[in-house]
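So that the names make sense, note that chain A is the first sequence line, chain B the second, and so on, each numbered from 1.
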Amino acid sequence: MSIRHGLLALLSGGPRYGYQLRVEFEASTGATWPLNIGQVYTTLSRLERDGLVAPGGADDQGRTLYAITEAGREELATWFATPVGQTDRPRDELVIKIAMAVAAADVDVAGVILAQRMATMRTLQELTRAKRGVADGAAQRLVLDSMIFKAEAEQRWLDHCEAVLKERKA
Amino acid sequence: MSVLEMREVTRTFGDVPALRGVTLAVGRGELLAVMGPSGSGKSTLLNLAGGLDRPTSGSVSVEGADLASVRDLAALRRGGIGYVFQDLNLIPSLTAAENVMLPRELDGVRAGRAREEAEAALREVGADEVAGRFPGELSGGQRQRVAIARALVGERCLLLADEPTGALDTATGDDILRLLRERCDAGAAVLLVTHEPRYAAWADRVVYLRDGRVADSTAEALESAR
Ligand SMILES: Nc1ncnc2c1ncn2[C@@H]1O[C@H](COP(=O)(O)OP(=O)(O)OP(=O)(O)O)[C@@H](O)[C@H]1O
Ligand SMILES: [Mg+2]
């Protein structure tokens, strides 16, 4: 994904200036994706070059407002309509670590699994605390939920590893 | 003082050692989650904590009272302990509301008030519209909510819940955990058995059971949460 499409999505709700885009972007992603203001302006100028946004005057404090163009709306619709692929994910270090622990001699695999499980559980606890703190803001909550589901999948996979390895030893 | 304290508890069924020396404590306002593979002793632990079963050795005390020396265990259970059973245990010939009222009526609360409390508890778990139905007329998730309402009704110092989210979708499961958490914040101690990490993560502390023993616990996280 791109910051590009995130900014287009925010602009589809009406013209905004740069700093406002940054604040709204962080709020709707539950502050899991911090942006600096430089990134916002670089992205806006590329969007402008591509005809997807246009500067639309200034607000009463002289800040330049940007508006989405018709081409921008089409681009956004295409983005929402296109599923995200699984292919370009980076290799998962944990998977490789466990695989190597099983393959190598003299590694306490159960110990590696347990340590990882405790660490992942602590992450889950932190994410859940953050979620409890979200008063209203469905977008933020759903971003945290997504991270919770991913951490949970990792926990389940670790349980599975433990069970499979136990079976093989028995 | 801890609400629940278990010391070196063992429980053996015939020659099956279900628990082999478990020590743990749950304080007021604390939510403790117990995880572990099937057969690791989770339900056994909960039954002992609620005085539904007796340890082979070791001691269990609730609010400072050693369960081995409590004469009227049933009264202690009804008065201070709310229990959500893994298989729910709703009485089929009573409506949802009557199931929730039952523990209060046994406590001697008069029917009118017991009904009001039951209705409030059913509302809390989002099951008020099924109050008049029998368990056989409810979906699995609705039955589960009624069983949770029954555990919440009245003043409980200790809530014991065995897989209370088993039949619920994840959004509803979150609502139930939020409820249990609120009870904690109001001063109750909660012991939650779950195999779902997302729900265990609501706890202050997570204990892993394996083969009847505590394999590990996130004790540090508790310290930093306080
Ligand atoms: N009443 C009983 N009589 C004989 N054995 C029992 C009894 N209750 C439990 N057990 C045994 O004790 C062990 C622990 O059982 P327990 O029900 O506590 O497991 P659990 O962790 O709750 O599992 P699950 O996740 O499947 O509910 C198992 O080996 C079980 O067969
Ligand atoms: Mg069980």
Side-chain angles (χ1 to χ4, degrees), chain A residues 30 32 92 94-95 98 101 108-170, chain B residues 29-40 42 163 165 168-186 190 192-226:
Chain A
T32 52
D92 187 326
L94 174 62
V95 174
I98 301 284
D108 173 15
V109 187
V112 174
I113 291 175
L114 195 58
Q116 182 65 44
R117 188 151 54 194
M118 303 314 277
T120 308
M121 180 50 76
R122 289 202 185 98
T123 306
L124 259 175
Q125 285 176 304
E126 273 158 34
L127 289 168
T128 306
R129 266 196 286 276
K131 178 163 99 169
R132 275 162 59 198
V134 175
D136 50 4
Q140 246 187 69
R141 187 221 152 135
L142 292 176
V143 170
L144 287 166
D145 275 334
S146 156
M147 297 165 79
I148 287 171
F149 276 110
K150 281 184 190 136
E152 181 174 54
E154 187 174 297
Q155 286 284 80
R156 286 182 177 286
W157 179 70
L158 289 167
D159 289 345
H160 177 75
C161 291
E162 188 182 37
V164 167
L165 292 171
K166 195 174 172 185
E167 241 168 55
R168 292 196 39 184
K169 246 186 4 197
Chain B
E30 193 182 8
L31 202 170
L32 176 72
V34 178
M35 302 190 76
S38 185
S40 58
K42 304 183 297 295
E163 298 281 5
T165 50
L168 303 176
D169 58 65
T170 46
T172 313
D174 273 359
D175 291 343
I176 295 301
L177 263 296
R178 199 174 285 277
L179 256 175
L180 292 177
R181 193 69 242 188
E182 280 167 15
R183 289 305 165 106
C184 270
D185 297 342
V190 178
L192 164 75
V193 166
T194 181
H195 68 273
E196 298 193 67
R198 57 178 300 104
Y199 300 128
W202 285 77
D204 299 298
R205 194 154 44 107
V206 182
V207 164
Y208 287 89
L209 278 190
R210 201 197 289 143
D211 301 329
R213 282 199 190 90
V214 175
D216 211 335
S217 100
T218 61
E220 272 165 57
L222 172 72
E223 256 75 69
S224 61
R226 286 289 140 109

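- Rounding to the nearest 0.5 Å places CG of B/Leu177 at 8.5 Å from OG1 of A/Thr128.
- A/Glu152 places a side-chain N or O within donor-acceptor distance of the main-chain N or O of B/Arg198, the cut-off being under 3.5 Å.
- Looking at A/Glu126, there are no atoms closer than 4.5 Å to chain B (heavy atoms on both sides), in backbone or side chain.
- Annotation for A/Leu114 and B/Ala215: closest pair CD2-O, 4.1 Å, computed over non-hydrogen atoms.
- Put simply, CD on A/Gln125 and CG on B/Asp204 are 8.0 Å apart, with the number rounded to the nearest 0.5 Å.
- Between B/Asp211 and A/Lys166, at least one side-chain N (NZ, or NE/NH1/NH2) sits under 4.0 Å from a carboxylate O, which counts as a salt bridge.
- Minimum heavy-atom separation, B/Arg210 to A/Glu162: NH2-OE2, 2.7 Å.
- Within the 4.5 Å cutoff, the side chain of A/Met118 has heavy atoms near those of the B/Tyr208 side chain.
- Considering OG1 of B/Thr170 and CD1 of A/Ile148, their distance stands at 10.5 Å, rounded to 0.5 Å.
- Rounding to the nearest 0.5 angstrom, the gap separating the CZ atom in B/Arg205 from the CE atom in A/Met121 is 13.5 Å.
- Rounding to the nearest 0.5 angstrom, the gap separating the NZ atom in A/Lys131 from the CZ atom in B/Arg178 is 7.0 Å.
- B/Glu196 is not listed as a side-chain neighbour of A/Gln155, based on a closest heavy-atom distance of 4.5 Å or more.
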